[in-house]
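Being a predicted model, the structure only gives us computed values, none of them experimental.
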Amino acid sequence: ILVDTEQRIWAGTLEHGLFQKAKNSATFAHQKNVIAMEIRSIFQDTSGAVWIGAKDIIHRISDNTWNTLTLPSDIESTITSFAQKPGSSETYIGSSTSGLFRSDGIKIYRESFDDRFDSEGISSLLFLNDEELLIGTFDLGLIAWSRGRVIQLNHERDFPGSGISSITKNGSEFWIGTNRGIVRMTEEDLTDMIEDNQVPFRGQVFTQSDGLSSIECPIGFQPTATIDHNGTIWFASGKGLNSIAPERLKPNEVEPMIVF
């Protein structure tokens, strides 16, 4: 589900296609321009265009004009995530079985960055800066990619979770939904871990013991996390919604009792 800059609500379904509710409307209207019934991802770029990800195709809506973009003819995959490169009109695209793509809004191009990941499912994308892209995978952890460099953060680096559902930046912190809970890292700690492979994981992991309804965030959809106007971060899970208000989090400073 996505609320765009015109306050339209876009809702994708797995079996019944795409629906939209206009700002002043009381009902959702079925979008018959979308022929796909399984919608996996919805995204709005800085120009206002809305991107709809489905199997093998993307619908791009700009100024009420609908365009359909198709994957290269030899590739079959479902579009699961989007991220726009800062300062550019290029949009990067994650797929369920064929790795990474990019688009100029007219055509889709294959973006091969490492043989290990070219057939991996990509569930979330976020640019760390102008050149470095964070890639959340279905099963291989978190990838930091810039031209000529690929850094993998996974269990070998003590990074919690192999499946990355969402990557959300809130101020100087990153909130990462995974299959093992919700991870909170400062930008400094995440950058240090990417830049130096000797740096261990430094961050917090929120699980059911912290009040989550489920530790598992869904893989293969976008968006599965969002920040509301109060700064509360909402995460989809396998058992409903989880919400975290960062400003209300207090560290437990009570020392545990030592038992001999």
Does any donor atom in the side chain of [X] or [Y] lie under 3.5 Å from an acceptor atom in the other side chain?
X: T97; Y: S77; result: yes
X: D45; Y: S47; result: yes
X: Q84; Y: T46; result: yes
X: T207; Y: S209; result: yes

Pairwise side-chain contact, [X] with [Y], heavy-atom cut-off 4.5 Å (strictly under):
X: I79; Y: F43; answer: no
X: W175; Y: I227; answer: no
X: F201; Y: V183; answer: yes
X: M193; Y: M185; answer: yes
X: W66; Y: I61; answer: yes
X: D130; Y: P86; answer: yes
X: I143; Y: I122; answer: no
X: L14; Y: R40; answer: yes

Under 3.5 Å, side chain of [X] to main-chain N/O of [Y], donor-acceptor pair present?
X: R157; Y: V199; result: yes
X: R149; Y: E132; result: no
X: D104; Y: K107; result: yes
X: K32; Y: V34; result: no
X: N242; Y: S213; result: yes
X: S103; Y: T91; result: no
X: E120; Y: F138; result: yes
X: D4; Y: E6; result: yes
X: S214; Y: S237; result: no
X: Q152; Y: L140; result: yes

Just how far is it from atom [atom1] of [X] to atom [atom2] of [Y], taken to the nearest 0.5 Å?
X: S146; Y: L134; atom1: OG; atom2: CG; answer: 10.5 Å
X: L125; Y: I135; atom1: CG; atom2: CD1; answer: 6.5 Å
X: T68; Y: N33; atom1: OG1; atom2: CG; answer: 8.0 Å
X: I108; Y: L69; atom1: CD1; atom2: CG; answer: 5.0 Å
X: N24; Y: K21; atom1: CG; atom2: NZ; answer: 8.0 Å
X: L18; Y: H59; atom1: CG; atom2: NE2; answer: 8.5 Å

Is there a continuous path of hydrophobic side-chain contacts, each under 4.5 Å between heavy atoms, that joins [X] to [Y]?
X: I182; Y: L249; result: yes
X: L212; Y: V205; result: no
X: L2; Y: W234; result: no
X: V3; Y: F28; result: yes
X: W51; Y: L71; result: yes

Legend entry - Test side-chain hydrogen bond (donor to acceptor under 3.5 Å, both in side chains) applied to Q44 and T5, step by step: CA-CA 8 Å; Q44 186 175 33; T5 54; 3.2 Å; yes

Inset, instruction - Applying side-chain contact (heavy atoms from CB on, under 4.5 Å), name anything that partners S165, two or more places apart in sequence or on another chain. - result: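 Only C217, P218, I219, T224 meet the side-chain contact (heavy atoms from CB on, under 4.5 Å) criterion with S165.
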
Tell me if the [atom1] atom of [X] is crowded by more than 12 foreign heavy atoms within 6.0 Å.
X: E15; atom1: CD; result: no
X: H30; atom1: NE2; result: yes
X: N230; atom1: CG; result: yes
X: R180; atom1: CZ; result: no
X: E188; atom1: CD; result: no
X: I35; atom1: CD1; result: no
X: D228; atom1: CG; result: yes

Shortest non-hydrogen contact between [X] and [Y], atoms and distance:
X: I42; Y: W10; result: CD1-O, 3.8 Å
X: S162; Y: N179; result: N-OD1, 3.1 Å
X: I93; Y: R102; result: CD1-C, 4.2 Å
X: I167; Y: G136; result: CD1-N, 3.9 Å
X: A54; Y: I39; result: CB-CD1, 4.3 Å
X: P72; Y: F101; result: CD-CE2, 4.0 Å

Legend entry - Under-4.0 Å salt bridge between E173 and R184: yes

